[in-house]
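Nothing here was measured: the structure is a model prediction, and the numbers come from that model. Every chain is numbered from 1, with letters handed out A, B, ... down the list of sequences.
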Amino acid sequence: MAKITVSVEGSGAVEVPSGVTLLDVARAAQVEDALLARRGETLVDLTAPAQDGETVAFLTYEAEEAREVFRHTASHLLAHALTDLYDGVKLAIGPATADGFYYDFDAAVAVNDDDLPRLEARMRELAEADLPVAREEVGKAEARKLFAGNPYKLELIEEIPEDTVILYRQGDFVDLCLGPHLPSTGYVKAFKLTAVAGAYWRGDERNDMLTRVYGTAYREEEELERHLAAIEEAKRRDHRTLGRDLSIFSIAEERGAGLVYWHPSGAFVRDQIEIFWKEEHHRRGYQLVATPHIARSRLFETSGHFHYFLDNMYTFEVDGIPYVLKPMNCPMHIAIYNSRVHSYRELPIRYAELGTVYRKERSGTLHGLLRVRGFTQDDGHIFCTPEQLVDELCGCVDLAQFLLHTFGFTSYDVELSARDPQRPDDYAGTEEEWIRAEEALAETCRLKELAYTRREGEAIFYGPKIDIQIYDALGRKWQGPTIQFDFNLPHRFGVTYVGADGAEHQCYMIHRALLGSLERFFGTLLEHYAGVFPPWLAPVQLRFIPVNQEVLPYAKDLAARFQAAGLRAEADAADGKLAAKIRAGEMAKIPYLGVVGKKEQEADTVALRRHGGEDLGTVDADRLQEALQRTVADKSGTLEF
RNA sequence: GCCGGCGUAGCUCAGCGGGCCAGAGCAGCUGAUUUGUAAUCAGCAGGUCGUGGGUUCGAAUCCCGCCGCCGGCUCCA
């Protein structure tokens, strides 16, 4: 039999019989657990025939690309089960996602959560049958015949530029798919269908509403369990549940959907955040301003919002004159800037405001504190000269990082959204302004040593921007600070300064929201901390628990002493067993509990316990007070004695 | 707004082949208990079963409309 030679990255050359597949090559090269191969830049199936003299790399589950293919094959398993169990299913698309997969389809009958176990069971049968997954290439005409009656697949076929299309077949199931895929269905072992939802064909609400089934797939049952446990943990931390249980905030339909009522403890924490935010802005040369919640529509007509943002605005009349509830603060800040002429010597001018805005959001999009109809932006606008751009941007990034770090967010992703060079006419601002701004943003990232992803064509029409996505304690990603250029408003409002040459020049305007909105940031923070705020934010920092009523006076005395020192301490006067009071303290998520009995009273000490159960031993009451004061002053999370 | 699910005491939920089906636990209140690190015991109080209509002798339970919530889609701070 003829032999061919294939060189395998990491293992050297192997000789195999001609006509074998890459899977055979992987075995010959003793590559364990290969799922996928790569030829140059192209990912290929292991079932592809090996070619003489080629170089391939094998990818195992450790490679993200392989895991994605793994999940993609799982989605085909789902599609296969769907076509087996339901008549008249028209498959649309079914990609892998960051931690799972989904398949969109048009079903003749409604599919709901109760159907998932049946689908899952069928998938399991198909996986256990270990059906070979085969790639085929067929002409478009044949493909059209194969998918006749399925408008989605036909639409996709028409968009393929080549004359042939690729199909993947497993058993009696065939799907239009670019691949690659795993060699057989038996590779997919640990999976679970997690949800059924609706989704528009191609994400466009003018199109058909399809049914989407979500699932997740892992190599090992254990990994799947971990993933499901992480989802449970996330559920446990849901800010809506914590918000209610800890009486932090409430939102109720009878008062208006998407409108937040801050209860005392929530308002307290929010106030701490605001105090910190304001101090830091003053320190960094911002001037705080305050503007009204409503304005004549004219202001927002000038800004252009009335034209392109009207659907999101609440409008009404005052004395027959049209007014709006403000959806943004920018026109107001510009109005203040424009109240008089500014010299270049005054720049940069930095205005900031915790400005409450209202936006019409569709009812289906509202979600706890994360998506509401009335919210307070930590808004800031910087008016500066072209020369000051990089310094100002660095200042914004610095402040953003400082704020995030203080709140315990230490890892994040940075994205730079630039305009689409193909569509220069779709943007406000001049060519020169865009180039300068995009370069300034890139330069800022370089200076601040921020690794960023450049997203071409993702900029909003009025200017390029930097977005920072933060990761919380569970590794989930949230929208964080955004720093945006605006070429639209300075032009529309004529935002200028008088230069050294005596002439009028247009300002560069930077719009920045670092926390985003207090509501959304608070929701993020609540989940990040799982409801246990660090002492500087916590409404109650320390609760003294007397072992019995006999030492209650000592607990009260301690609370009074700590309160006098500016700390937020209280004594638990409730009757009952110690264990019950400890439990109450834990449930209230108070960061520190101080148990006191006769021994402690005699020595003026406290048996200290951190939330979660860690025993910090017996500490002197005065030393505890000082330690707590230090923790609050430096906003750290833990006590140091 | 659209698809699917859901809406019973402050919270978590049971009851849903229509008639002693308006219940339980927790939280609250009252009393007993005096307690050493995640729930002491007993009693009391608490709901026009989201809302409007319909079917029926009779509806939490069946049907329809509306509102809201949840998971998504879309959009976004």
Side-chain angles (χ1 to χ4, degrees), chain A residues 102 104 106-107 110-116 194-214 235 238 240-241 244-245 247 250-254 256-258 309 311-312 327-329 355-357 359-379 460 467 478-482 484 511-524 545-552 574-588 593-600 607-616:
Chain A
Y102 64 81
D104 284 352
D106 177 7
V111 174
N112 60 40
D113 290 340
D114 300 336
D115 297 309
L116 297 185
T194 50
V196 43
Y200 296 106
W201 166 238
R202 319 208 108 172
D204 189 327
E205 62 186 321
R206 288 166 303 192
N207 291 338
D208 295 346
M209 174 57 74
L210 304 173
T211 305
R212 173 175 296 181
V213 172
Y214 280 97
K235 212 180 279 176
D238 192 311
R240 293 165 299 182
T241 311
R244 187 185 54 223
D245 291 351
S247 191
S250 61
I251 299 172
E253 96 179 70
E254 56 268 31
F309 207 67
D311 287 348
N312 290 295
M328 301 189 171
N329 303 300
T356 303
V357 298
R359 295 184 189 172
K360 248 187 220 174
E361 301 287 353
R362 293 152 140 192
S363 66
T365 64
L366 299 175
H367 182 92
L369 291 177
L370 303 183
R371 192 64 186 272
V372 293
R373 286 183 172 147
F375 55 98
T376 302
Q377 292 182 306
D378 71 314
D379 219 348
I460 326 160
D467 286 314
W478 304 75
Q479 177 57 48
T482 176
Q484 313 182 343
H511 173 113
R512 36 114 296 183
L514 304 180
L515 305 179
S517 75
L518 287 179
E519 285 74 10
R520 182 177 283 183
F521 186 75
F522 194 99
T524 308
I545 300 178
V547 167
N548 56 44
Q549 295 298 88
E550 215 173 297
V551 285
L552 178 58
D575 196 4
K577 278 188 163 176
L578 175 60
K581 286 184 273 193
I582 293 287
R583 181 162 193 274
E586 288 287 343
M587 304 278 275
L593 298 178
V595 175
V596 294
K598 197 137 191 177
K599 280 182 299 190
E600 286 77 13
L608 195 63
R609 173 192 165 110
R610 196 198 304 279
H611 173 83
E614 190 188 347
D615 183 359
L616 299 177

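Between the P atom of B:U40 and the NZ atom of A:K581 lies a distance of 11 Å, rounded to the nearest Å. Look at CG on A:L578: it is 6 Å from P on B:U37, rounded to the nearest Å. Taking atom CG of residue A:L116 and atom C1' of nucleotide B:G4, one finds them 11 Å apart after rounding to whole Å. Between the CD atom of A:Q549 and the P atom of B:U34 there is a distance of 11 Å, given to the nearest Å. For the pair A:I545 CD1 and B:U37 P, the computed distance is 12 Å after rounding to whole Å.
Taking a pair to require two hydrogen-bonding distances under 3.5 Å in either a Watson-Crick or a G-U wobble arrangement, B:A59 remains unpaired. Using N1 to N3 plus N6-O4 or O6-N4 for Watson-Crick, or N1-O2 and O6-N3 for G-U wobble, each under 3.5 Å, B:A14 pairs with nothing. Pairing partner, B:G4: B:C70, with both Watson-Crick or wobble hydrogen-bond distances short of 3.5 Å. In this structure, B:A22 makes no Watson-Crick or G-U wobble pair, since no nucleotide meets both defining distances under 3.5 angstrom. Look at B:G28: its Watson-Crick or wobble partner, with both distances under 3.5 angstrom, is B:C44.
Taking a 6.0 Å sphere around NZ of A:K577, one finds it holds 12 or fewer heavy atoms contributed by other residues, nucleotides or ligands. Under a cut-off of 6.0 angstrom, the local environment of CD in A:Q549 is crowded, with over 12 non-hydrogen atoms contributed by other residues, nucleotides or ligands.
Remark on RNA chain B: of its neighbouring residues A:G576 and A:V111, the 5'-side contact belongs to A:V111, judged by nearest-heavy-atom nucleotide. Remark on RNA chain B: of its neighbouring residues A:G612 and A:R244, the 5'-side contact belongs to A:R244, judged by nearest-heavy-atom nucleotide.
A salt bridge does not link A:D204 with A:R202: none of the charged nitrogens is closer than 4.0 Å to a carboxylate oxygen.
Rounding to the nearest 0.5 Å places CZ of A:R212 at 4.0 Å from CG of A:D104. To the nearest 0.5 angstrom, A:T524 atom OG1 is 9.0 Å from A:L369 atom CG. Put simply, CG on A:L210 and CG on A:D106 are 6.0 Å apart, with the number rounded to the nearest 0.5 Å.
For B:C2 and B:G18, the C1' atoms lie 34 Å apart once the distance is rounded to whole Å. Distance check on atom C1': B:C21 versus B:C66 gives 28 Å, rounded to whole Å. Between B:C63 and B:A24, the distance separating the two C1' atoms is 31 Å to the nearest Å. Only the C1' atoms considered, B:G71 is 25 Å distant from B:C64, to the nearest whole Å. The same atom, C1', is picked in B:C49 and in B:A22; the two are 8 Å apart, to the nearest Å. Spacing of C1' atoms, B:C13 relative to B:U8, comes out at 9 Å, to the nearest Å. Here, B:G28 and B:G1 have their C1' atoms 41 Å apart, quoted to the whole Å. Between the P atoms of B:C73 and B:G10, the separation comes to 34 Å (whole Å).
Formation of a donor-acceptor pair under 3.5 Å by the A:E586 side chain with backbone atoms of A:G612 is found in this model. Side chain of A:D208 to backbone of A:W201: no donor-acceptor contact under 3.5 angstrom is found.
Checked against ring-ring contact (aromatic ring centres under 6.0 Å, His included), A:F522 has the following partners two or more places apart in sequence or in another chain: A:W262, A:F533. Residues forming a ring-ring contact (aromatic ring centres under 6.0 Å, His included) with A:H611 (at least two apart in sequence, or on another chain): none. Looking at residues two or more places apart in sequence or on another chain, you find a side-chain contact (heavy atoms from CB on, under 4.5 Å) between A:T194 and A:Y214, A:T216.
Of the candidate nucleotides B:G36, B:U34, B:U40, B:G36 has the atom nearest to the side chain of A:A607.
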Taking protein heavy atoms under 4.0 Å as touching, what does nucleotides 71-77 of chain B look like 5' to 3' if B marks base contact, S marks sugar-phosphate-only contact and - marks none?
BBBBBBB
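Among the protein residues, A:E614 comes within range of no part of the nucleic acid, since none of its heavy atoms lies under 4.0 Å from any strand. Using a 4.0 Å heavy-atom cutoff across all strands shown, A:K598 reaches at least one base atom of the nucleic acid.
With contacts defined as side-chain heavy-atom distances shorter than 4.5 Å, the pair A:E600/A:V595 does not qualify.
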I'd like a table of atom pairs between the protein and nucleotides 43-46 of chain B - only N or O on both sides, under 3.5 Å - with the distance next to each one.
none

Do any N or O atoms of the protein come closer than 3.5 Å to N or O atoms of nucleotides 24-29 of chain B, and which pairs are they?
none

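When every heavy atom of A:V551 is checked against every heavy atom of A:K598, the shortest pair comes out as CG1-N, 3.8 Å.
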